[in-house]
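Reviewing the structure listed below.
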There are 4 protein chains.
Amino acid sequence: MSGNTFGVLFRVTTFGESHGKALGAVIDGCPPNLGLGEADIQAELDRRKPGGHNASTSRKEEDRVEILSGVFQGKTTGTPIALVIANRDAQSAAYEDMRDVFRPGHGDYTYFNKDGIRDHRGGGRASVRETAARVAAGAVARKLLACEGIEVVGYTLEVGGIGINSWSRDAIGANRLLCPDPAAAKRMEQKLEEVRSEGDSLGGIVEVRVTGCPAGLGEPVFDKIDADLAGALMSIGTVKGVEIGAGFEAARMRGSRCNDPIGPGGFETNHAGGVLAGITTGQDILIRAACKPIASIAMEQETIDARGNPAKISVRGRHDACVIPRIVPVCEAMVCLVLADHLLRQNAIRKKA
Amino acid sequence: MSGNTFGVLFRVTTFGESHGKALGAVIDGCPPNLGLGEADIQAELDRRKPGGHNASTSRKEEDRVEILSGVFQGKTTGTPIALVIANRDAQSAAYEDMRDVFRPGHGDYTYFNKDGIRDHRGGGRASVRETAARVAAGAVARKLLACEGIEVVGYTLEVGGIGINSWSRDAIGANRLLCPDPAAAKRMEQKLEEVRSEGDSLGGIVEVRVTGCPAGLGEPVFDKIDADLAGALMSIGTVKGVEIGAGFEAARMRGSRCNDPIGPGGFETNHAGGVLAGITTGQDILIRAACKPIASIAMEQETIDARGNPAKISVRGRHDACVIPRIVPVCEAMVCLVLADHLLRQNAIRKKA
Amino acid sequence: MSGNTFGVLFRVTTFGESHGKALGAVIDGCPPNLGLGEADIQAELDRRKPGGHNASTSRKEEDRVEILSGVFQGKTTGTPIALVIANRDAQSAAYEDMRDVFRPGHGDYTYFNKDGIRDHRGGGRASVRETAARVAAGAVARKLLACEGIEVVGYTLEVGGIGINSWSRDAIGANRLLCPDPAAAKRMEQKLEEVRSEGDSLGGIVEVRVTGCPAGLGEPVFDKIDADLAGALMSIGTVKGVEIGAGFEAARMRGSRCNDPIGPGGFETNHAGGVLAGITTGQDILIRAACKPIASIAMEQETIDARGNPAKISVRGRHDACVIPRIVPVCEAMVCLVLADHLLRQNAIRKKA
Amino acid sequence: MSGNTFGVLFRVTTFGESHGKALGAVIDGCPPNLGLGEADIQAELDRRKPGGHNASTSRKEEDRVEILSGVFQGKTTGTPIALVIANRDAQSAAYEDMRDVFRPGHGDYTYFNKDGIRDHRGGGRASVRETAARVAAGAVARKLLACEGIEVVGYTLEVGGIGINSWSRDAIGANRLLCPDPAAAKRMEQKLEEVRSEGDSLGGIVEVRVTGCPAGLGEPVFDKIDADLAGALMSIGTVKGVEIGAGFEAARMRGSRCNDPIGPGGFETNHAGGVLAGITTGQDILIRAACKPIASIAMEQETIDARGNPAKISVRGRHDACVIPRIVPVCEAMVCLVLADHLLRQNAIRKKA
C-alpha cells in the first residue's frame, strides 16, 4: 500500500491504526507565514468527536492534537507540519473474538487478501478512526483557504431516507446531526434511535458547499477539480457515491435546462455545481456524498473465518448507528485539501501582476 | 495546467486540442513483452467513432492511430508507447463567430478565466474529442488486463430518463446505444430523435462492469480503487456523478441489508460493487457515471462575450444530441487505466511465490 | 519502466527509440501566454546536431521538430505541448550483427536483463539520440526562464584530460567544441582526431552556468535544487559524475576557506556554486558533469552473446569519438528543465504582493 | 516547500526541525510481512550518534525512535510506518545571538530569502540533525533489501585531503572514522584534532558499496538508478559532488579502457560502478559523495544581518569538525531508500514466473 499521500503541492500523508499508538498527518507544502496553532486544529477535531447522544459511539475519544514541527512562534515556516493524535482508550480485547472472522461490510476480508496479514484490532487502518488525521490536516488547509476568502461548509441532507425540506445556514450548527432543516433533524434522530435499538444502522447523504472560491481552479484533463473532489470524497471509507451540482439528476435534464445561462451579472443558475470543464466558475461549489450504513451492527450476520468456515458474527463494541454527523467534518476536510492543493497549483502559473 | 498525466505506475499523458494538428497519448510504465499492434487500439477507437445515425455527429472523424514508439516486432519493449491520432476534417471556420462568446455549459468561460487565453476552435482541449486519446491509451491497458483474465464492459443504463427493464450481455453490441435492453434502446432512440429535432440534447447514465478482477487491488487510504475509479470517471468532461455498487441507494439502506453476507462460496450479494475498504473483493466491480446533456445545442441561449456584454448564441456545427453511446468506450477506457495501474501497484508488493 | 517523466509542475514526458518512427516530448504544466514557435525549439536542436567535423558522427540527422498541440497563434495555451521529431536516415541493417551480442559499455546487457526483450536497432531507447527530445523540451523551459532573466550556458571544460587555461564567454560559440579557451579547443580537436583514427574514443567534462537566477529556488529536503540538478545531469546516459561549486575540491578545503563570506554587496566568493542548503543564493549556479568516453568504438572488444558465449565485437556504424560537444546542449536542457520546474514550485507558495 | 517526500513506491516523508519537538519519518509503501522492530531502527540511529571523541559534537543526542504505526506483532502490515524521534537536550538559547545574522556556509540566508521566515534555532530544518529521520527510514529499507540479499556498506575514503592506501572490510568498523585503512584513519584523526583546535573544520569523501544487487533495477530515462542515487546523495546538505564507478576519472579514460569487457564469467572490470544505461548490471554498485567542511566554525567570519549590515560571527555551540563519520550512515540510508524503491518498481513489471 502506497496510497497514503494526498495532493500535488499541498501534500498530506497520514498514518495510524485504530488501536495503534497514534494517528497523524504530515503536511508538506503548506506555504510559510500562515498563522497556525494547535487550537485551530483541535477545534475541527472536536467537531468530529463522538457526541453524547444515542446516534454516536460511546467510545471516549480524547483526540488531542500535537504539532511536532513546521510551526515557529505561531506561524508556519514552510517546512513539513507533523500532527500527532495519540490513541487512548483503545479496548482491543473487545476485538479478540473477531481475530479470525471477516466482518461483513468491512475491510477485513480485502485487507487480508491484499496483504496476507491484518491488524484486526478495531479495524486497524480501515477504521473510521483513520479520518481523524484527515480532519486535522484539513484544518490546516482550511486556514489557508480562509486567507483567500474561501469557506467550506458541510451538512446533512438525508439520513435513512429522510430528507430536508428547508435550508437554513444557522440551523446547521444548532442540531447534533448538522442538518439545515431542524424539523427533519428531529425525524432523523427518531429514526436513528429506532434503528439503533434494533441493532441495525443507517446511511445518509452529506453535502459540502464552498463559497468564495475564485474562478480558475482545476487542472484539466485528469486533475479536474471535480475529479479530484470526487476521488477525495470517495476515498472516505463509507462513501459509495458522489455527485456535483445537478449530479445524477443532470442525466435526466435537457441541455436547454441543464446549461446555466450567463448574464452580465454572472451565471443565472448553478446546475454545474460551480465547475465547468473541470475548472471552478466562481459560483458556489456544491458536492454530495452518499454514505452507506455503518457496517458494524449488533444484529447477527453470516460470515466466514480465515479458513473459509461459516461463522456467525454480532459486532459488539462501541459503534455509531450512522456515520452522520461525524463524517460531515471529514467530508469538509477532504474538500479543503483539494481546494488548497488547487489554489497552490494555480498560483504556480498565475502571472505575478 | 499540469493535470494531463494519469496513473502511478501505468502512467498515461495525453495531449491535443480538437482542431490542432493531432491528439495523442504517451503510456509510460507498460510492462514489456505484451503483444500490441495498431489494430488493437484502432478497434477501440472505432467503437468510439460517431455512427451514421441521428443521435451522433455528422463530423467524419477518421481516427487513425499510429504507434510511434515502444513496440518492437509486435511486442511492447517496456519503453514509452507514444500514440498519435492526426486531426482531419476540422472545420474551424464554423467556430469563428464563437471566438469571443462563452458557450453556456462549456469550458469557454472557465478556461479563459484560468489561463487568460483560449483556443476557441471546436472547444480546444475541452472538446469531447480529447477523449479519443483516453480510448487509445485504454486499449493498451485493456490488453494488459486481458492477460490476467480481467474484462471491462460498459453499457447504457439510461438516456433522457428512460431506463432499462432487462439486461442481456448480447444485446449490448446489437444496438447503436450499447443498451443491454433492446426494447429500451428503441425508446431511447425515439426520444433522442425527438429532442434532436427540437435543437435540444439529453443526458444519460453509463454503467461499467469489471469481471475477473482478483481480490486485493487498491491502495488505502487515499488511493482506494473506488476513489481512483470515481476520480477517473469524473475527469470525463460530461460526468456529474459517480456511484459504485448500491451507490446513492446505499444511503437509504439499513446495515443489515447493505452488508454483503459472506458464505463459504463467497459473498452472497454485491451491494459493495466489488470494493470493500477501497480494495477489490474479487466480485464484479460495478460503477455508474451520470452524464449531463450535451452543452452544444442549436436552440438559442443567453450568454455574454469576453467583454461581459450580453449575447445570444445558437451552437451550430456538427454535434451529437447525447454523449451516449460515444462516451461508453471512454468510461471503459478510464476503468481500464485505473485497473492496470492498480494491478502493477499490487504486483510491486506481492511476494514472488 | 516508468521513469520517462521529469518534473513536478513543469513536467516533461519523453518517448522514442533511435530507430523507431519518431522521438518526442510532451510538456505538461507550461504556463499559458508564453510566446513559442517551432523555430525556438529548432534552434536548440540544431545546436545538438552532428557537425561536419571528424569528432562527430556522419549520420545525417535532420531533426525537424513539429509542435502538435498546446500552442495557438504563437502562444502557449496552458495545455500540453507535444513535440515530435521524426526519425529519418536510420540504417538499422548496420545493427543486424549486433542483434544477439551485448556491446561493452552499452545498455544492451542491462536492458535485456531488465525487460527480457531489447530493441537492438541503434541502441533503442538507450541511444544518445534519446537526448534530442530533452533538448526540444529544454528549449521550451529556456523560453520560460528568459522571461525571468535567467540564462543557462554550457561549455566544455575538458576533453581527454585536456583542460582549459582561460575563460571567454565569446570563445564558446566560436569553436566546434564549445570551449571557452580557443587554444585548448585546438589541442582537444587534435587529440580527438588522433584517438578517432585509432578506433578509440574520449570523455570530457561539461560545465553549465546559470546567471540571473533569483535567490529562493529549491525545495528542501529531498528536492533541493542541487539534488534535482545532480539527478537531472546523471540521468544523461554518458554522465558518471556531477559536482556543484567547489564540488570534490570542497572535500579538501577547510571550512574557513570553503564558507563564502557575506558582505553588504553580497557573497564574496562562490564555492557553494550558487546553492546553499538546497536553495539558490542568487549567485551564478555552477555545475559540472563528467562524461565517459563513447562506448561504441571500432576497436575490437571482448563480449558475450545472449546465450553467454564469448564473442568479439567491433562497433561499426556512424559514431562520434566523444559526446562533447553534442552533449553540451543536452546538459543545458536538463538544467533548464530543473529551473523551470522550481520556478513554478516557488511561484506556488510566493505571496502575491 | 513540498520536497520532503522521497521515492515512488517505497515513499518516505520526513519532518522536524533541529530544536522542535521531534523529528520523524512516515514510510508509505513498505510491503507487508516484513519483520521489523524499534531495535532494527535504533541500531542504525546509534551508528549515526555523535561519539565521544574530539571530532564529534558534544551534544548528547539520545535519539530514541518510536514506531507509531504500521507494525503489528513484529511485522509490517503494509500500512504507513510512522517513526518519531523526540528532540531532547536542545539548547536554543545558544542560538539567540544568531537570530538576525546569516551564518556563512549555512542555509540561513537562503531559507530567509525563500520563505521570508526562518527558524533560527540550531539551523531549523536545515540542520544536519534532519538526517536522523533519513537514517531511521533507511533502516526499514535496509531490512527489505536484506531479504533479497542486498547489502549496503559505507565508509570513509578521504578526510581533509588524506586518502586511503588499503581497503579492508573489517577495518571499517574498527575505527571511529569508519575508514577501511587503519593507518590512514590515524592520520585523519590527527588532522581533525589539529584543525579543530584552530577553530576550523574539514571535509571528506564517503563511498558506498552495494553488494548482492540483482541486474535490472533502474527506470530509464529520467529515473535511472544512478540518477536517483546521485540526487539522493546530493540531497544531503553537506554533499557537493557525486560520482559513480570511475566517475570523474572516466572523463579522462579512453573508451577501450573505460568499457568493461564482458566474459562468460561476467564483467571483467567495473568502471561502470555497477550501472549501465541507468540499470544495474549485477556487479557491485560503487558511488562516492564529496562532503564540504562543516560550515559552523569557531573562527570569526564576515557576514551580514537581516537588514544587510555587516557583522562578525563566530559560531559557538557544539559542533563536529567534520561530518565524517556521522554522515556515513546517512549516505548508506539514502542508497538503501533508492534501492528499495527501485526493487519495488521492478517487481511491478516483473512477470510472476
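With contacts defined as side-chain heavy-atom distances shorter than 4.5 Å, the pair D:Arg125/A:Pro80 qualifies.
Proximity to chain D is limited to the backbone of A:Ile67, based on heavy atoms less than 4.5 angstrom apart. Contacts of A:Arg118 with chain D are made by backbone atoms alone, with heavy-atom separations under 4.5 Å and no side-chain atom involved.
In terms of modelled atom types and a separation under 3.5 Å, the side chain of A:Asn33 and the main chain of D:Asp115 share a donor-acceptor contact.
Nearest heavy-atom pair across A:Leu9 and D:Ser2 is O-CB, 3.6 Å. Closest approach of D:Ile117 to A:Thr76, counting heavy atoms only: CD1-O, 3.6 Å.
Distance check: D:Tyr111 OH to A:Thr79 OG1 gives 7.5 Å after rounding to the nearest 0.5 Å. Residue D:Leu68 holds its CG atom at 12.0 Å from CD1 of A:Ile85, rounded to the nearest 0.5 Å.
Heavy atoms of other residues, nucleotides or ligands lying less than 6.0 angstrom from NZ of D:Lys75 number 12 at most.
Applying the ring pair (Phe, Tyr, Trp, His ring centres under 6.0 Å) test to pairs two or more places apart or on separate chains, those with a residue in residues 119-146 of chain D are A:Phe72-D:His120.
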